[in-house]
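After the structure tokens below, expect a handful of questions from me.
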Amino acid sequence: MAGLPPVDILIVGAGATGAAVAWRLGQAGLDVLCLEQGEHMDPAHYPSTRPDWELARLQDFHVSPNVRRREADYPINDSDSPIAIANFNAVGGSTILFSGHFPRFHPSDFRVRSLDGVADDWPIDYQQLAPYFALNDRMMGVSGLGGDPAYPPIDGLLPPVPMGRLGACLGRGFNRLGWHWWPAYAAIATRPHHGRPPCINLGPCNTGCAQGAKASTDVSYWPAARQSGVRLQTGARVSRVTLDAQGKASGVLYFDATGNEWQQLARLVVLACNGVGTPRLLLNSACPAFPDGLANRSGLVGRNLMLHPLGYVEGLFDEALDSQLGPQGCSIYSHQFYETDSARGFLRGYTMQVLRGPGLLETATSGFLRREIPPGPGFAAALRERFGHLAAMGIIVEDLPDPDNRVTLDGELTDSHGIPAPKIHYTLGDNSRRMLAHGLERGKEVMRAAGARRTAAFGPVRHTGWHLMGTARMGNDPARAVVDARGRCHDVDNLYIVDSSVFVTSGGVNPASTMQAIALNIADGIVARRNAA
Amino acid sequence: MTNPPETGDRTLAVLLDDLLPPAVGVPTIDAPRLAEFAARHSRSAPLARLLDIVAAASPGTPFADLDAAARAALLSRIRRQHLAAFADFFLLAIQCYCLDPAVRQAFGDDPAAPFPNGRSLPDGDLELLEAVYERGPLFRDPHALTDKEQTP
Ligand SMILES: Cc1cc2nc3c(=O)[nH]c(=O)nc-3n(C[C@H](O)[C@H](O)[C@H](O)COP(=O)(O)OP(=O)(O)OC[C@H]3O[C@@H](n4cnc5c(N)ncnc54)[C@H](O)[C@@H]3O)c2cc1C
Ligand code: SF4
């Protein structure tokens with residue numbers, strides 16, 4: 001195995017958080033190298049450039065690495081979980097597929113124990129993160145509408161994505177019930193932004209945005225990071241973080257694209273492999289000083305996995321909603337049931353995320369599988385009745401941390417380099433079940449208030465484990481947390497974690513905005529520490 | 001049991017006619033098109049499997065020679081007894097159908113790739129939000145709550 005000359009800062013993972021941290025550290029003039037197991041994506045080959053784009057979602061752009069099986073993917077044993085893990089492995093990470101729904105955590109999300117008596121408070125708060133939310137919004141190009149009563153003031157947004165007939169129809173439904181709703185916050189440029197063209201409503205944002213309007217980090221952070229001198233090496237799969245004799249991180253071992261193994265030395269190591277990839281790497285880096293996994297004296301590496309169980313609600317309307325048009329995951333949303341009201345029978349809350357309706361193929365497929373579109377003479381008529389007439393809504397449920405929900409290493413399954421695959425152990429807690437049931441009912445109520453002729457609701461939906469949180473939690477007490485408030489491992493002084501593994505609780509919103517704000521905050525902590533040394 | 005090719009072709013044509021018939025203003029796909037689609041996507045197996053099941057289920061008279069009522073009864077039995085095989089076949093047929101440009105056009109869908117033309121859609125009426133705005137804030141502010149708690 002060959003050793004490579006040391007770099008100042010080594011980041012593992014070039015996704016949502018790795019890119020943000022790389023840019024911030026590069027801006028500060030530090031010598032930064034990022035290792036990423038995937039490659040650069042070519043937007044000219046994204047599914048939306050092909051008439052059969054809906055098929056790709058079932059194949060090489062599937063959200064599950066176990067189905068997709070691209071070279072950069074590693075298998076994940078999620079057979080012990082009702083929710084399958086979704087991710088993407090490339091420059092840009094899971095933001096290549098993300099829908100760009102970009103709400104922030106609420107201020108109350110950082111004070112869960114104080115306000116609601118469950119889980120734990122975070123060692124940081126909304127006010128501390130506020131400047132980083134704003135900075136991240138600028139870098140990503142976030143659209144939305146100011147004045148939202150669900151949040152403290154949020155400024156500087158690009159105009160919101162069009163809600164379309166679908167959004168307006170459901171907005172009227174929410175109004176009839178007197179419930180909160182607002183245009184979605186979206187990491188989608190609705191005007192030219194930092195060299196990115198505006199959204200043209202292609203639709204399938206979660207198969208990659210060929211237009212470059214969606215802020216996957218390959219088109220948002222990475223161009224700026226590269227300009228500030230950050231080096232990015234693709235096709236580099238890290239197998240272990242190594243330690244020196246003083247117990248400090250000395251670098252990593254990785255396999256390059258041709259299968260050769262290298263040791264990259266570094267003065268400081270940052271992990272940004274996501275809430276499954278990061279604990280996997282730490283557990284696989286067990287050594288005599290850390291027999292249960294690196295930086296795992298607390299025993300919490302891999303534990304407290306939170307996945308946001310997702311409920312799906314559908315309404316069928318007589319009126320043509322053109323619901324298949326527009327950015328797939330972004331239209332309007334509601335936080336009517338976000339803040340705790342114990343009278344509802346559960347603590348904490350959820351987001352109602354209005355989704356665009358399915359394309360023609362998905363309408364037909366799900367209609368057949370759910371026995372709503374029968375084969376035979378009635379097929380075309382039933383399909384016509386549904387296509388463009390369906391409104392859909394995701395219920396994003398805040399799941400509370402539970403140490404038994406966890407990532408471990410699989411005893412048998414490995415990736416193409418022989419590195420053990422992660423194994424997921426996850427069950428829904430009672431609070432999550434009650435919240436999900438509540439959300440499904442309220443979702444149907446909105447659909448009916450908006451005029452739906454028929455409604456359906458179910459959950460948790462299997463292939464929706466895309467929010468991966470809590471597996472290396474943050475906290476001031478080394479016995480109860482893996483990293484401190486600035487992302488530094490309690491057990492290894494120069495090892496940092498910046499992805500949503502560090503989340504103490506999961507909030508009830510899509511996490512990318514909050515995790516990137518946290519990552520930028522951690523990056524500034526690294527810079528400050530450097531400057532002080 | 002394996003179908004002789006010509007029987008298989010006839011069976012497939014009649015199967016498609018029964019399961020995905022043309023409707024007013026909506027064309028359908030024919031057997032050669034489905035066979036080609038399946039081969040192109042390396043998924044001929046579900047097709048061959050269902051043809052075998054159909055052949056085995058109508059040993060006396062070829063499926064294509066049965067009358068409509070007998071075919072419907074047989075298909076409904078097959079659907080119950082061979083749920084997975086039927087679903088695999090039909091999902092494949094749906095894919096071929098829904099990706100056919102003429103079919104898509106008939107449903108008002110744009111048969112072209114979404115990129116680069118894009119689609120346009122209305123902004124929606126932002127005045128609908130007035131009522132929401134007027135109800136005022138609905139988030140909890142822990143700092144404000146702490147202040148209030150501290151105020152006698
Ligand atoms: C289909 C889908 C839709 C989503 N929609 C939304 C949404 O609308 N809003 C939202 O907020 N969030 C959404 N998410 C989630 C969001 O994309 C992720 O939470 C976010 O990207 C996670 O950022 P990250 O930096 O932690 O990890 P990732 O973005 O997953 O990046 C991790 C990177 O690390 C690399 N890596 C991992 N292990 C190694 C290793 N051993 N060696 C080298 N490289 C490694 C991976 O290849 C990957 O590129 C969605 C996700 C998916 C999959
Ligand atoms: S809808 Fe907009 S953001 Fe989504 S893929 Fe299309 S152009 Fe990109």
Side-chain angles (χ1 to χ4, degrees), chain A residues 46 48-55 106-108 110-111 114-115 125 127 145 147 149-152 162-165 167-168 171-172 174-175 178 180-182 200-204 210-211 322 324-326 335-336 338-339 359-361 364-365 368-369 375-377 379-381 383-384 387-388, chain B residues 15 18-28 41 72 75-76 79 86-87 90-91 93-95 97-99 101 103-104 106-126 128-146:
Chain A
Y46 281 152
S48 60
T49 61
R50 310 193 315 242
D52 66 352
W53 60 271
E54 276 199 275
L55 264 191
H106 282 210
S108 60
F110 299 92
R111 291 288 172 271
S114 311
L115 292 174
D125 65 17
Q127 281 184 336
L145 189 68
Y151 281 98
M163 59 174 112
R165 280 195 209 178
R172 279 186 213 102
F174 279 109
N175 278 355
H180 168 266
W181 66 283
W182 206 253
I200 49 171
N201 303 307
L202 299 177
Q211 169 79 346
D322 293 338
Q324 77 279 13
L325 304 180
H335 272 177
Q336 180 64 31
Y338 195 86
E339 299 283 359
L360 186 67
L361 173 57
T365 304
F368 164 65
L369 291 174
F379 185 86
L383 180 53
R384 192 188 285 290
F387 177 58
Chain B
L15 257 178
D18 285 349
L19 297 174
L20 280 175
V24 183
V26 188
T28 192
H41 292 278
L75 281 178
S76 132
R79 203 178 158 190
F86 184 87
F90 195 62
L91 288 173
I94 289 179
Q95 285 177 2
Y97 178 85
C98 288
L99 295 176
V103 170
R104 281 169 69 162
F107 281 102
D109 194 20
D110 188 344
F115 185 81
N117 295 335
R119 322 266 200 236
S120 71
L121 75 165
D123 281 337
D125 182 2
L126 292 180
L128 287 169
L129 291 164
E130 278 308 301
V132 186
Y133 184 76
E134 275 162 17
R135 281 195 294 275
L138 76 159
F139 64 92
R140 290 183 292 173
D141 180 348
H143 293 283
L145 288 172
T146 313

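Nothing here was measured: the structure is a model prediction, and the numbers come from that model. Labels below follow one simple rule: chain letters A, B, ... track the order of the sequence lines, proteins then strands, and each chain is numbered from 1. Excluded from the calculations below are hydrogen atoms, water molecules and symmetry mates; all remaining heavy atoms, backbone and side chain alike, are included.
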**Asked** Are the side chain of A:Asn201 and the backbone N or O of B:Arg119 linked by a donor-acceptor pair below 3.5 Å?
**Response**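 Present.
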**Request:** Give, as side chain, backbone, both or neither, the part of A:Leu369 having an atom under 4.5 angstrom from any heavy atom of chain B.
**Result:**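 Interface part for A:Leu369: side chain.
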**Prompt:** Is chain A contacted by the side chain of B:Asp125, its backbone, both, or neither, given a heavy-atom distance below 4.5 Å?
**Reply:**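 B:Asp125 touches chain A through backbone heavy atoms alone.
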**With A:Phe379, the side-chain contact (heavy atoms from CB on, under 4.5 Å) member among B:Leu19, B:Leu20, B:Val26** =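 Passing option: B:Leu20.
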**Message:** Only pairs of heavy atoms separated by less than 4.5 Å count here; which of B:Ala113, B:Gly118, B:Gly136, B:Gly108 has the most with chain A?
**Reply:**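 Highest number of heavy-atom pairs under 4.5 Å: B:Ala113.
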**Asked** Within a strict 4.5 Å, meaning less than it, do heavy atoms of the A:Arg165 and B:Leu121 side chains meet?
**Response**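 No, too far: nothing below the 4.5 Å cut-off.
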**Selection from B:Pro137, B:Ala23, B:Pro116 maximising heavy-atom pairs under 4.5 Å formed with chain A** =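 The option with the most such pairs is B:Pro137.
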**Item:** Contact origin within A:Asn175 toward chain B - heavy atom pairs under 4.5 Å
**Value:**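 When you check distances to chain B, only side chain atoms of A:Asn175 fall under 4.5 Å.
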**Message:** With a 4.5 angstrom heavy-atom cut-off, is it the side chain or the backbone of B:Thr28 that approaches chain A, or both, or neither?
**Reply:**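 Interface part for B:Thr28: neither.
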**Message:** Quick check on A:Arg111 against chain B: is it the side chain, the backbone, both or neither that has a heavy atom closer than 4.5 Å?
**Reply:** side chain
**Ring center gap for B:Phe139 and A:Tyr338 short of 6.0 angstrom** =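 Aromatic pair excluded; centres sit 6.0 Å or further apart.
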**Option in A:His180, A:Gln336, A:Gln324, A:Met163 with maximal non-hydrogen atom pairs under 4.5 Å from chain B** =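 Among A:His180, A:Gln336, A:Gln324, A:Met163, the one with the most close pairs to chain B is A:Met163.
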**Asked** Are any non-hydrogen side-chain atoms of B:Glu134 and A:Pro149 less than 4.5 angstrom apart?
**Response**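 B:Glu134 does not reach A:Pro149 side chain to side chain.
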**Request:** Find out whether B:Val132 and A:Phe174 are in side-chain contact, i.e. whether some heavy atom of one side chain is under 4.5 Å from a heavy atom of the other.
**Result:**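 B:Val132 does not reach A:Phe174 side chain to side chain.
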**Request:** With side chain to side chain contact (heavy atoms under 4.5 Å, CB included) as the test, would you mind laying out the steps for A:Leu55 and B:His41 before giving the verdict?
**Result:** CA-CA 10 Å; A:Leu55 264 191; B:His41 292 278; 3.4 Å; yes
**Message:** Which atoms of B:Pro101 are under 4.5 Å from chain A, going by heavy atoms: the side chain, the backbone, both sets, or neither?
**Reply:**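 For B:Pro101, there is no contact with chain A at all, as no heavy atom is under 4.5 Å.
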**Request:** Please find out if less than 6.0 Å separates the ring center of A:Phe368 from that of B:Phe90.
**Result:** yes
**Message:** Quick check on the interface: out of B:Leu99, B:Leu75, B:Asn117, who has the most heavy-atom pairs with chain A under 4.5 Å?
**Reply:**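 When all of B:Leu99, B:Leu75, B:Asn117 are compared, B:Leu99 has the most.
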**Prompt:** Tell me, side chain or backbone of A:His106 under 4.5 Å from chain B's heavy atoms, or both, or neither?
**Reply:** side chain
**Request:** Under 4.5 Å heavy-atom distance to chain A, tell me which part of B:Pro122 shows up: side chain, backbone, both or neither.
**Result:** both
**Winner by heavy-atom pair count (cut-off under 4.5 Å) against chain B, out of A:Ala150, A:Gly171, A:Ala364, A:Ala168** = A:Ala150
**Prompt:** Are the side chains of A:Phe110 and B:Pro142 in touch, meaning some heavy atoms are under 4.5 Å apart?
**Reply:** no
